[in-house]
Amino acid sequence: MTPTTNRSVFLDHGEASHQRCAACGTTVPELDPAPDCTSCGGLREIVHGPPVDAFGVPLRGAALRASFAEHCCARPLGSPSGVWRFGSLVMPSAGNAIVSHPEGNTPLLHRSAIDRFVGMEGLRIKHEGHNPTGSFKDRGMTVGVTQAVRIGASAVACASTGNTSAALASYAAQAGIPGLVFVPAGKIALGKMAQTLGYGARTLLVRGDFDVCLRLVQEASRELGIYLLNSINPWRIEGQKTIVFELLQQLGWDVPDFLVLPAGNLGNTAAFGKALREAHALGLIARVPRLVSVQAAGAAPFARSFGEQFATRYRVEAETIATAIRIGDPASWDRAVRAIQETNGLVLACSDEEIIAAKCAIDAAGVGCEPASAASVAGVRTLVADGTIRAGDRVVAVLTGHILKDPGMLVDLHQRSDFAHANPPIEIEADIGAVDRIMRLGRAH
Ligand code: F0G
């Protein structure tokens with residue numbers, strides 16, 4: 001781990017958590033509702049005191065690992081949430097304000113068919129699509145909406161490519177707080193739209209892309225006092241850190257060599273970087289994996305900048321079939337740069353064709369994911385092919401969303417005559433002879 005600032009990762013023992021601007025260092029109390037730094041406009045991060053045991057004694061290393069194991073599942077002491085199990089590193093003062101489904105506790109899978117596709121053995125798949133609303137966003141949203149309850153927010157809002165809006169709508173409904181979402185008109189997947197409407201958030205179809213939606217919701221939050229729950233909100237990042245804590249725990253705290261994830265607005269890249277920094281500082285792990293963020297080639301300003309040692313911050317007009325990561329001006333840029341630099345990480349861009357090929361391999365293995373999620377597996381395949389990932393390396397790829405998030409894209413794809421893996425439905429007469437003829441055709445693909 002190579003620190004890029006000399007600010008401490010944790011506060012002194014006994015100090016209460018607070019918010020700190022990552023750019024200018026200004027601190028504000030935990031319950032300050034502003035979405036970003038009112039001194040310089042930079043993004044805030046949460047800093048905590050070291051985690052402590054029931055007697056207030058700081059916990060590190062093996063003792064802290066044991067305390068997480070104790071809190072696993074719903075036994076008398078434990079939490080049924082894979083986020084709140086790590087509450088001492090997320091929001092130690094949450095008390096009984098917590099709004100939880102519960103969420104997290106997602107599986108770490110291994111499938112030989114996916115190994116064959118990427119060309120390596122033992123790839124582990126952390127499937128965040130198994131969260132209650134079908135994406136990793138639930139981990140940030142349980143914390144964000146809990147904070148909304150703590151500050152007495154009158155309404156919560158976000159801009160979204162669809163998953164954040166589904167998660168916000170669900171958790172806001174549970175908390176009884178009105179939700180408002182801004183999504184790019186005509187550009188969000190059907191499953192996400194259906195969820196957002198069903199859970200009851202007021203849904204605005206904005207004539208513009210995600211980046212336009214984000215600017216508008218920031219303005220709405222400033223002018224109208226609505227609590228902003230995009231991933232620029234530092235509490236969202238605290239929740240998303242638990243993807244990393246949980247997968248490390250599932251690996252027995254045996255650190256992988258590479259940790260690969262899809263990237264759009266870069267909130268998750270930032271969250272992974274913060275989780276690894278903290279896990280390292282607390283002695284939970286002795287070294288960190290190389291973090292690999294994978295963008296879609298049509299929405300890859302961060303990958304381009306990485307190629308130039310991050311000398312320039314780029315903004316692009318984004319276009320990709322992976323609508324979740326169709327983002328041209330990522331908000332968490334600086335904190336994601338820090339995550340990549342501190343972990344000797346990498347940023348890649350994969351074409352839509354590569355992403356679809358990976359998605360088809362994941363789907364056909366019976367695992368399934370939404371298109372953006374498959375960027376991680378496409379990225380692993382690229383790194384195996386160019387020799388960066390070598391035989392024996394231990395790799396975890398994160399799938400961020402469920403296959404049912406984007407049913408429209410899938411049904412269209414499988415009915416396309418130019419798609420090699422097409423598996424079109426076949427209409428038949430209600431007649432056993434017709435079934436017999438189809439059976440003789442063999443497997444779909
Ligand atoms: N994968 C999925 C399925 C997503 O929905 C997103 C982001 C990402 C990856 C990228 O994560 O933005 O933190 O780099 N979705 C946001 C949304 C933008 O509005 O649902 P990121």
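Position 1 is the first residue of the sequence; numbering continues from there. Ligands are counted one by one from 1 in listed order, and the atoms in each one are counted from 1 as well.
- Between the side chains of Ser165 and Lys192, not a single donor N or O lies within less than 3.5 Å of an accepting N or O.
- There is no side-chain donor-acceptor pair under 3.5 Å between Glu128 and Thr400.
- For Asp386, the side chain to side chain donor-acceptor pair (under 3.5 Å) partners are Thr388, not counting sequence neighbours.
- Side chains of Glu238 and His48: a donor-acceptor N/O pair is present below 3.5 angstrom, by distance only.
- Of all atoms in ligand 1, numbered sequentially from 1 with element shown, those under 4.0 Å from a heavy atom of Gly267 are 13 (O), 14 (O), 21 (P).
- Here the protein heavy atom with the shortest distance to atom 13 (O) of ligand 1 is Asn268 N, 2.8 Å.
- Close contacts of ligand 1 with Thr161, meaning ligand atoms under 4.0 Å from a residue heavy atom, involve 15 (N), 16 (C), 17 (C), 18 (C), 19 (O), 20 (O).
- The Asn163 neighbourhood of ligand 1 comprises atoms 2 (C), 3 (C), 4 (C), 5 (O), 20 (O), with distances under 4.0 Å to a heavy atom of that residue.
- Shortest contact from atom 4 (C) of ligand 1 to any protein heavy atom: Ala324 CB, 3.5 Å.
- Using a 4.0 Å cut-off between heavy atoms, Asn265 contacts ligand 1 through both its backbone and its side chain.
- Residue Ser160 has at least one heavy-atom neighbour below 4.0 Å for each of these atoms of ligand 1: 17 (C), 19 (O), 20 (O).
- Assignment of Ser231 to the shell around ligand 1 is not supported, since no heavy atom sits closer than 4.0 Å.
- Minimum interatomic distance between Ala358 and Ala378 (heavy atoms only, all atoms of both residues): CB-N, 3.7 Å.
- At least one heavy atom of Ile327 sits under 4.0 Å from some atom of ligand 1.
- Side chain to side chain, Arg304 and Thr312 fail the donor-acceptor criterion of an N or O pair below 3.5 Å.
- Close contacts of ligand 1 with Ala263, meaning ligand atoms under 4.0 Å from a residue heavy atom, involve 14 (O).
- Side-chain N/O atoms of Asp115 and His110 include a donor and acceptor closer than 3.5 Å.
- For the pair Arg290 and Phe258, the cation-pi criterion (under 6.0 Å, within 45° of the ring axis) is not fulfilled.
- Contact annotation: Ile325 has at least one heavy atom less than 4.0 Å from an atom of ligand 1.
- Relative ring orientation between Phe245 and Phe68 is described as parallel, the plane-to-plane angle staying below 30° on a 0-90° scale split at 30° and 60°.
- Of all atoms in ligand 1, numbered sequentially from 1 with element shown, those under 4.0 Å from a heavy atom of Gly264 are 10 (C), 12 (O), 14 (O), 21 (P).
- For the residue pair Lys126 and Gln250, a side-chain donor N or O sits within less than 3.5 Å of a side-chain acceptor on the partner.
- Within the 4.0 Å heavy-atom criterion, neither part of Lys405 lies near ligand 1.
- Geometrically, Arg381 engages Phe117 in a cation-pi contact, judged by NZ or CZ lying under 6.0 Å from the ring centre and within 45° of the ring axis.
- Those atoms of ligand 1 that come under 4.0 Å of a heavy atom in Thr164, given as number and element, are 16 (C), 17 (C), 19 (O), 20 (O).
- Among all protein heavy atoms, the one lying closest to atom 11 (O) of ligand 1 is Phe136 CZ, 3.6 Å.
- Residue, atom and distance of the protein heavy atom nearest to atom 7 (C) of ligand 1 are Lys137 NZ, 3.1 Å.
- Of all protein heavy atoms, the one closest to atom 2 (C) of ligand 1 is Thr400 OG1, 3.4 Å.
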